[in-house]
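In what follows, a single structure is set out as structure tokens and then discussed.
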Amino acid sequence: MYVCICLSISGSASVHDLQLSQLYPRQDFRRLSEILPLFDFCFSKREGLKFQDARTLQVTPRKAGRCDAVFMWWDLKMDPESDIILTCAPTWAQNSDPQVEAAAVGPQGDAPATVVVPSRPPWRDHWMQAVYHLTPQLKIHPGNPFFVHAVHDEYSLSFGVSHSATTNTDHLKHLVCTCYAHIVMNRSRMAMLSNVARVKFWARTLQKMASPNLNLLYIGAPSNIPLLAAKQSWKNVFVIENDHLAAQILRTWLKATEGETRVTVIEKLTDLVSDIDFDSQKIDVIVSEPYFTCALLPWQHMLILLSYVEHLRPHLSPNFKMVPWEARIKGCLMEFDDLWKIRAPVGTVEGVTLDKFDELMESAMAKADSSIEPQPLWEYPGRILSDVFTVHIFDLDRPLVKDFLSVSGTVEAVTGGKYNGIAFWVEYSFPLDGTDMVWTTGLDGLPQAGEYVRWNPYHRQGVYLARHGSDIARGEKLSYECLIDYESGEMSGKFTLLSGGDGQPTPPSETTKPPASASASDTLQ
């Protein structure tokens, strides 16, 4: 097991698993130490494994900085001579790990029979790396050693750092969140709230709309939006939060920022809110990111918001405004490097045919899984093969008039590649300085066709993964039929590659009934 001290964002004490290969040194973090072996577990000893253990390492820092986190992964020695090592190290660390390098060269400098570190390391999604956020953090300086304290039981590990080798580590055995924010919100949400660009965007948006004659209502997960509104010239600021713990967190934040007298937190379900809760006043502006902790797919946040607004319509002024006012479901064709493997059949491996297993899995997925699933695509590299297309546009000022949405259209590949998936996300329009500011839950920037893309790391995107990928040439088209169930928020689709196709993409058309070949539980290809 190996560790690497890095500069990152602090959070709760529990493990944070993610694809560290998608974090880039000097861009996303700074390494403050070399890679250090920590614990060694031998499965062949007669006395068995030691379930509880502690260790302290002295570390000489590579550079000055602040210890915010420990990156951790493990290696498996597959044979007694350690010639074959299965490593879970991120790609940027594999060439700098001296033990893996030694194994790749061999004990006497000869190349081993088994290649240990291939030019393209094997993809691992079930054995990901882990980040342990340190509390408290520690400032370090070059040439001044510090100490990493690690403890483990039969289930988990904990880490701490200090300037003393004799620091008491008993507190590492019972690390818990005492602010409750890390219990209510996941780490992506915490990082989102800490994003400076996002805070400035919301401060500017609210300031442009603020008026002493308007009542504002915020709907969504605990956020710094009510804190920003409390500092502005709104007549009243209301927040609806039916979760007691989340409401308690928001009140704590408001008290710390001296906004508790300006913001009224209504701890009720939206359908139980009465005129008394709003002091018999009408709401003029509803603000939402939207973000809800119970949503997984990007459009589910929007659908939850619209359902809440319907419950609140008796309390809204005739000319109330929604912020954001419009939402667009977007999509693009993708060539994923590895993510497609979670849906692909195994086939024949090492001479063993697993067709029956593949048939069983395909049948089970068709019954249990939606064809479009949530994934944090920033962790899974891929190239874009088409221009971005619009699936549907929602006017958030208007109620949904049906129980579902069924749309169809075509999209054209603008570069050749291996088509194996389609990514979906939502973009929101906000009124700002007389123009519409777009906030996206998907693509970060506007990549050129064929380029690797970066995704918004704070949101999960929806993705359809083709069970059998296909080569696609420039100009070829793909037709799609998508069905969104408004009640569950599930989205299913039928996607078909068309031969030829030298025209422009067909805009989506809306139908009044779901396609016969698509249902909310189908897995379609």
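The figures here come from the full heavy-atom set of this structure, side chains too, leaving out hydrogens, waters and symmetry mates.
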Exercise. Is a side-chain donor or acceptor of Gln375 paired with a backbone partner of Leu377 at a separation under 3.5 angstrom?
Worked result: no

Checking the side chain of Ser386 only, and the main-chain atoms of Leu333 only, is there a donor and an acceptor separated by less than 3.5 Å? yes

>> Determine whether the aromatic ring centres of residues Tyr480 and Phe389 are separated by less than 6.0 angstrom.
In response: yes

Under a 4.5 Å cut-off applied to non-hydrogen side-chain atoms, are Leu216 and Val237 in contact? yes

*Is there a side-chain contact between Gln248 and Val184 (heavy atoms, below 4.5 Å)?*
no

Note: Ser288 and Ile219 closest approach over all heavy atoms is OG-O, 2.7 Å

| task | For Leu49, look at atom CG and say whether over 12 heavy atoms of other residues, nucleotides or ligands are found less than 6.0 Å away. | result | yes

Next on the checklist: Within a 6.0 Å radius of atom CD on Gln448, are there more than 12 heavy atoms belonging to other residues, nucleotides or ligands?
Outcome noted: no

Quick check on Glu451: does its CD atom have over 12 non-hydrogen neighbours (other residues, nucleotides or ligands) under 6.0 Å away? yes

Exercise. Please determine, by modelled atom types, if Thr87 and Gln94 share a side-chain donor-acceptor pair under 3.5 angstrom.
Key: no

Of all heavy-atom pairs linking Gly382 and Met334, the shortest is C-CE, 3.6 Å

Are Leu38 and Val148 side-chain neighbours, meaning at least one heavy-atom pair lies under 4.5 Å? no

Item checked: Pair Tyr458 and Tyr291, ring centroids less than 6.0 Å apart -> no

> Backbone N or O of Ala466 within a donor-acceptor pair of the Arg343 side chain at under 3.5 Å?
Replying inline: no

- request: Report the relative orientation of the aromatic rings in Phe41 and Phe39; use parallel for angles under 30°, tilted for 30 to 60°, perpendicular for over 60°.
  value: tilted

Do Asp125 and Gln19 have side-chain N/O donor and acceptor atoms under 3.5 Å apart?
-> yes

**Prompt:** Just by distance, with hydrogens left out, do Arg328 and Ser429 show a side-chain donor and acceptor under 3.5 Å apart?
**Reply:** yes

query = Between Phe424 and Trp299, what is the ring plane arrangement, given parallel below 30°, perpendicular above 60°, and tilted in between?
reply = perpendicular

So CD1 of Ile342 and CE of Met365: to nearest 0.5 Å the spacing works out to 9.0 Å

Query raised in the report: NZ of Lys63: more than 12 outside heavy atoms within 6.0 angstrom?
Result: yes

Looking only at heavy atoms, the pair that brings Asp387 and Val411 closest together is O-CG2, 4.3 Å

Please check: side-chain N/O of Asp79 versus main-chain N/O of Ile84, any donor-acceptor pairing under 3.5 Å?
yes

### Message
If the threshold is 4.0 Å, N to carboxylate O, is there a salt bridge linking Arg383 and Glu335?
### Response
yes

Tell me whether the rings of His301 and Phe292 are parallel (<30°), tilted (30 to 60°) or perpendicular (>60°).
parallel

To the nearest 0.5 Å, atom CG of Leu478 lies from atom CZ of Phe495 at 7.5 Å

So CG of Leu36 and CG of Leu57: to nearest 0.5 Å the spacing works out to 6.0 Å

Test your reading of the model: is there a side-chain donor-acceptor pair from Gln300 to the backbone of Leu296, 3.5 Å cut-off? yes

Could you tell me whether the side chain of Trp253 reaches within less than 4.5 Å of the side chain of Pro222, counting heavy atoms only? yes

Exercise. Distance-only, no hydrogens or angles: does the Thr441 side chain make a donor-acceptor pair with backbone N or O of Val426 under 3.5 Å?
Worked result: yes

Check: Gln461 side chain, His459 main-chain N or O, donor-acceptor pair, under 3.5 Å: yes

For Pro226 and Val263 the tightest heavy-atom approach is O-CG2, 3.7 Å

- Might you confirm whether atom NZ of Lys139 has over 12 heavy atoms from other residues, nucleotides or ligands at distances under 6.0 Å? no

To the nearest 0.5 Å, atom CG of Asp17 lies from atom NE2 of His126 at 13.0 Å

Separation between CG (Asp28) and CH2 (Trp92), nearest 0.5 Å, reads 10.5 Å

- Task: Assert yes or no for the condition that the ring centre distance of Tyr218 to Trp202 is strictly below 6.0 Å.
- Result: no

Rounded to the nearest 0.5 Å, the CD atom of Gln137 sits from the CG atom of Asp68 at a distance of 4.5 Å

(Q) Please tell me whether Ser164 and Ser162 have a donor and an acceptor in their side chains that are separated by less than 3.5 angstrom. (A) no

Met302 side chain near Tyr428 side chain, heavy-atom distance below 4.5 Å: yes

Here the pair of heavy atoms bringing Met185 nearest to Leu193 is SD-CD1, 3.8 Å

Please answer whether the main-chain N or O of Ile85 pairs with a side-chain N or O of Asp75 as donor and acceptor at a distance below 3.5 Å. no

Does some side-chain heavy atom of Trp325 sit less than 4.5 Å from a side-chain heavy atom of Leu396? no

- Message: Strictly distance-based, threshold 3.5 Å: is any side-chain N or O of Trp127 a donor or acceptor partner for the main-chain N or O of Trp73?
- Response: no

Heavy-atom nearest pair, Gly493 first then Ile372, reads N-CD1, 4.4 Å

Main chain of Ala203, side chain of Gln232: is a donor-acceptor contact present, judged purely on distance under 3.5 Å? yes

Q) With no hydrogens and no angle check, do the side chains of Asn224 and Arg198 hold a donor and an acceptor under 3.5 Å apart? A) yes

